[in-house]
Amino acid sequence: MSAGDRLEAAFFDRSVHEVAPELVGCTLAIGDCAGVIVETEAYDATDPACHAFGGRTARNEVLFGPPGRAYVYLSYGVHSLLNAVAEPEGSAAAVLIRALEPVAGLERMRERRGREDELCSGPGRLTEALGVGLELNGSGLDSPPFELLAPERGWGSVEVVAGPRIGITKAVELPWRYCAAGDPHVSRPRL
DNA sequence: GCCAGGATCGTCT
DNA sequence: GACGATCCTGGCG
């Protein structure tokens, strides 16, 4: 992929462990709002912390489907969390989008968030800022209202560091969290 | 500034 | 009937 290209489904049609770190630096846009992805986490079917670990159910259906779609679910009965489905159909895996650096539509984000800062520095926060709800579960990330672009100049070379995932109780030791080194928008404990 | 606790609801046992 | 891939508020020092 080259700078500014739209990410097609083929980008996601491979190991989630390749996709997750490469998503850092990409631009995610929804409607008029957009942000650069600065933090992700990988989940695959062999992983006890993955929703698909226990097998296919009505909720995690989308995880088993074709790559390049959005998997949105409700966390703690309060927050919608956004994932990008990876790996071929039948193989359940996804990348959790944990944090963005806002680059467009800041006013709209502030409006939706009801605050001036901390707009997208957390998985539940960015979905609220961008207006992502459960109704987008299963929709393609390469078609409206979504748009996903390869890193612009200057972002392609950002250093990505790996560390332990956050907010889970199973398989905590797996270093499957990726974030842009030193980025101030990364959520919670920095690496 | 830090930490503990509560909100809130769909999904699975 | 319990449990989260979380966030925010309030209380205390």
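Numbers restart at 1 for each chain; the letters A, B, ... are given by sequence-line order, proteins then strands. Scope of the values below: all heavy atoms of this structure, side chains included, with no hydrogens, waters or symmetry mates.
- Contact record, Pro102(A) with Cys120(A): CG-SG, 4.0 Å, taken as the closest heavy-atom pair.
- Heavy-atom minimum distance, Arg112(A) versus Cys33(A): NH2-SG, 3.3 Å.
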Using atom names, set out every protein N or O paired with an N or O of nucleotides 2-8 of chain B below 3.5 Å, distance rounded to 0.1 Å.
{"from": "dT8(B)", "atom 1": "O2", "to": "Tyr76(A)", "atom 2": "O", "distance (Å)": "2.4"}

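- Taking the P atom of each, dA5(C) and dC3(B) are spaced 23 Å apart, rounded to whole Å.
- What separates CD of Glu118(A) from C1' of dT6(C) is a distance of 13 Å, to the nearest Å.
- Close to dT9(C), at under 4.0 Å from its OP1 or OP2, lies a side-chain N or O of Arg115(A).
- Ile97(A) approaches Leu126(A) most closely through the heavy-atom pair O-CD2, 3.5 Å.
- Between the C1' atom of dC7(C) and the CG atom of Leu81(A) lies a distance of 11 Å, rounded to the nearest Å.
- The shortest distance between the side-chain N/O atoms of Arg98(A) and the OP1/OP2 oxygens of dT6(C) is below 4.0 Å.
- Heavy-atom minimum distance, Phe146(A) versus Leu141(A): CB-O, 3.5 Å.
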Problem - Per-nucleotide pairing state of DNA chain C [Watson-Crick or G-U, under 3.5 Å; [ ] pseudoknot-crossing; | other strand] - result: ||||.|||||||.
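- Distance CD (Glu128(A)) to C1' (dT6(C)): 12 Å, rounded to an integer number of Å.
- Rounding to whole angstrom units, CG of residue Leu74(A) and P of dC12(B) are separated by 13 Å.
- Side-chain atoms of Arg113(A) come within 3.5 Å of backbone N or O of Glu118(A) as a donor-acceptor pair.
- Proximity of Arg177(A) to the phosphate of dA5(C): no side-chain N or O atom is located under 4.0 Å from OP1 or OP2.
- Closest approach of Glu87(A) to Val16(A), counting heavy atoms only: OE2-N, 2.9 Å.
- Contacts between residues 40-65 of chain A and DNA chain C, counted as heavy-atom distances below 4.0 Å, involve Tyr43(A), Ala49(A), His51(A).
- Distance, Leu126(A) CG to dA5(C) P: 17 Å, rounded to whole Å.
- For the pair Lys170(A) NZ and dA5(C) C1', the computed distance is 11 Å after rounding to whole Å.
- Partners of Ala20(A) according to the side chain to side chain contact (heavy atoms under 4.5 Å, CB included) rule, which considers only residues two or more places apart in sequence or in another chain, are Thr40(A), Ala42(A), Val95(A), Tyr178(A).
- Checked by atom type and distance alone, the side chain of Asn60(A) pairs as donor or acceptor with a backbone atom of Gly55(A) at under 3.5 Å.
- For Tyr43(A) and His51(A), the ring centers sit 6.0 Å or farther from each other.
- Summarising the geometry, the separation between CG on Asn137(A) and C1' on dT11(B) is reported as 13 Å, rounded to the nearest angstrom.
- Listed by chain and number, the residues in a side chain to side chain donor-acceptor pair (under 3.5 Å) with Thr27(A) amount to none (sequence neighbours excluded).
- Taking the side chain to side chain donor-acceptor pair (under 3.5 Å) definition, one finds that Asn137(A) meets it with nothing, sequence neighbours left out.
- Counting all heavy atoms, side chain and backbone alike, Leu7(A) lies closest to Leu149(A) at CG-C, 4.3 Å.
- With rounding to whole Å, Leu82(A) atom CG is found 17 Å from dC7(C) atom C1'.
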